[in-house]
Amino acid sequence: TCAYGIYVKKSNVVIKNNDFDIAIPTFVVNWGATRESFSEGIVIVGCDDAILNHNNSTISTNGGTSWDTIYGIDILNSAHAKVVSNDILVKGAGYTYAIIINDEYFVISDNNIVVTSDEYACAIDVEGTAEGIIVSNNIGATATNSAYPIYSGMNYMPVNITIQKNNITG
């Protein structure tokens, strides 16, 4: 079973000026050679130059266990992706991520990003191979056990990011 609000693959995509209120069930991630996720709000795969701009996004679960995982926005293998001037709120019970990105030359700027969880919260997770900039954002992560406003490098691949001029709480 998979739960996606929006899933875009190998397309020219601009997601702009939308109000999203996405409530999805949450499931455990299937960890093998790669991450296989089943609970995601907005998924962009193989879409070079993808743009998410001026969206108001609330992504939440309807329960779940401490091992379940939800990804608010997942950008995978989409060179030059831009996430700019969005309000992003993600609420979960288990492992809860606002943005996870695996991309070359990405830009995440001028956003309000908030993630809350009963267990684990991560506002921005950068996975390698990746290169980009995280600049001028308001970033917050709150959880009972672990909270990471920005995290990178779980899969041991190269990550080169510039993090500057952000307001970060966690």
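What's counted below: heavy atoms across the whole structure, side chains too, no hydrogens, waters or symmetry copies. Just so it is clear, the model here is predicted, and its values are computed rather than measured.
Ile133 CD1 to Thr162 OG1: the interatomic distance, rounded to the nearest 0.5 Å, is 5.5 Å. Distance check: Ile124 CD1 to Asn137 CG gives 5.5 Å after rounding to the nearest 0.5 Å. To the nearest 0.5 Å, the span separating NE2 on His54 from CD1 on Ile15 amounts to 15.0 Å. To the nearest 0.5 Å, the span separating CG on Asn112 from CG on Leu89 amounts to 10.5 Å. Ile113 contributes atom CD1, which lies 9.5 Å from atom CG of Asp87 (distance to the nearest 0.5 angstrom). Rounded to the nearest 0.5 Å, atoms CD (Glu40) and CD1 (Ile22) are 11.0 Å apart.
In this structure, the side chains of Asn56 and Asn18 stay at 4.5 Å or more apart for every pair of heavy atoms. Here the side chains of Val126 and Ile100 are not in contact, with every heavy-atom distance at 4.5 Å or above. Side-chain contact between Val45 and Asn77 is absent, with no heavy atoms from C-beta onward closer than 4.5 Å. Using a 4.5 Å cut-off on side-chain heavy atoms (C-beta onward), Thr58 and Asp19 make no contact.
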Pair up each side-chain donor or acceptor in residues 6-13 with any protein partner under 3.5 Å, not counting sequence neighbours, and list the distances.
| residue | atom | partner | partner atom | Å |
| --- | --- | --- | --- | --- |
| Ser11 | OG | Lys9 | O | 3.1 |

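Applying the ring pair (Phe, Tyr, Trp, His ring centres under 6.0 Å) rule to pairs touching residues 112-148 yields Tyr95-Tyr120, Tyr97-Tyr120, Tyr120-Tyr148, Tyr148-Tyr151, sequence neighbours excluded.
When the side-chain contact (heavy atoms from CB on, under 4.5 Å) test is applied to Val14, the partners found at least two apart in sequence or on another chain are Lys16, Ile51. A search for side-chain contact (heavy atoms from CB on, under 4.5 Å) contacts involving Tyr105 returns His80, Glu131, not counting sequence neighbours. Residues that satisfy the side chain to side chain donor-acceptor pair (under 3.5 Å) test with Asp103, not counting sequence neighbours, are absent from this structure. Applying the side chain to side chain donor-acceptor pair (under 3.5 Å) test to Ser117 and every residue at least two apart in sequence or in another chain returns Thr96.
When hydrophobic clusters are built by joining Ile, Leu, Val, Met, Phe, Trp and Tyr residues whose side-chain heavy atoms come closer than 4.5 Å, directly or via intermediates, Val107 is not grouped with Val159. Val84 and Ile99 sit in two unconnected hydrophobic clusters of ILVMFWY residues. Membership requires side-chain heavy atoms under 4.5 Å apart, directly or through other members. Hydrophobic clustering of Ile, Leu, Val, Met, Phe, Trp and Tyr side chains at less than 4.5 Å, counting indirect connections, keeps Val114 apart from Ile134.
By the neighbour-count criterion of 12 heavy atoms within 6.0 Å, atom NZ of Lys82 is densely surrounded, having more than that number from other residues, nucleotides or ligands.
The minimum heavy-atom distance linking Asp125 with Ser152 is given by the pair OD1-CA, 4.3 Å. In terms of heavy atoms, Gly128 sits closest to Met157 at C-CB, 3.4 Å. Nearest heavy-atom pair, Ser78 versus Cys47, reported as atom, atom and distance to 0.1 Å: OG-N, 2.9 Å. Considering every non-hydrogen atom in both Ile139 and Ala123, the closest pair reads CG2-CB, 3.4 Å. Of all the heavy atoms in Asp48 and Ala79, the pair that sits closest is OD1-N, 3.0 Å. The shortest non-hydrogen separation linking Asn86 to Leu52 is ND2-O, 3.0 Å.
Judged by distance alone, with hydrogens and angles left aside, the side-chain atoms of Asn138 form no donor-acceptor pair with the main-chain N or O of Asn167 at under 3.5 Å. With hydrogens and angles ignored, the 3.5 Å screen pairs no side-chain donor or acceptor of Ser136 with any backbone N or O of Asn166. Between the side chain of Ser60 and the backbone N or O of Ala23 there is no donor-acceptor pair closer than 3.5 Å. In this structure a side-chain-to-backbone donor-acceptor pair under 3.5 Å is missing from Asp49 to Ala81. Within the 3.5 Å criterion, the main-chain N or O of Gly94 finds no donor-acceptor partner in the side chain of Asp68.
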> Does the pair Asp74 and Asn102 meet the rule for a side-chain contact (heavy atoms from CB on, under 4.5 Å), with working shown?
Replying inline: CA-CA 8 Å; Asp74 186 352; Asn102 169 276; over 6 Å; no
> Is there a side-chain contact (heavy atoms from CB on, under 4.5 Å) between Ile70 and Ile24 once you walk through the steps?
Replying inline: CA-CA 9 Å; Ile70 180 174; Ile24 54 178; 3.8 Å; yes
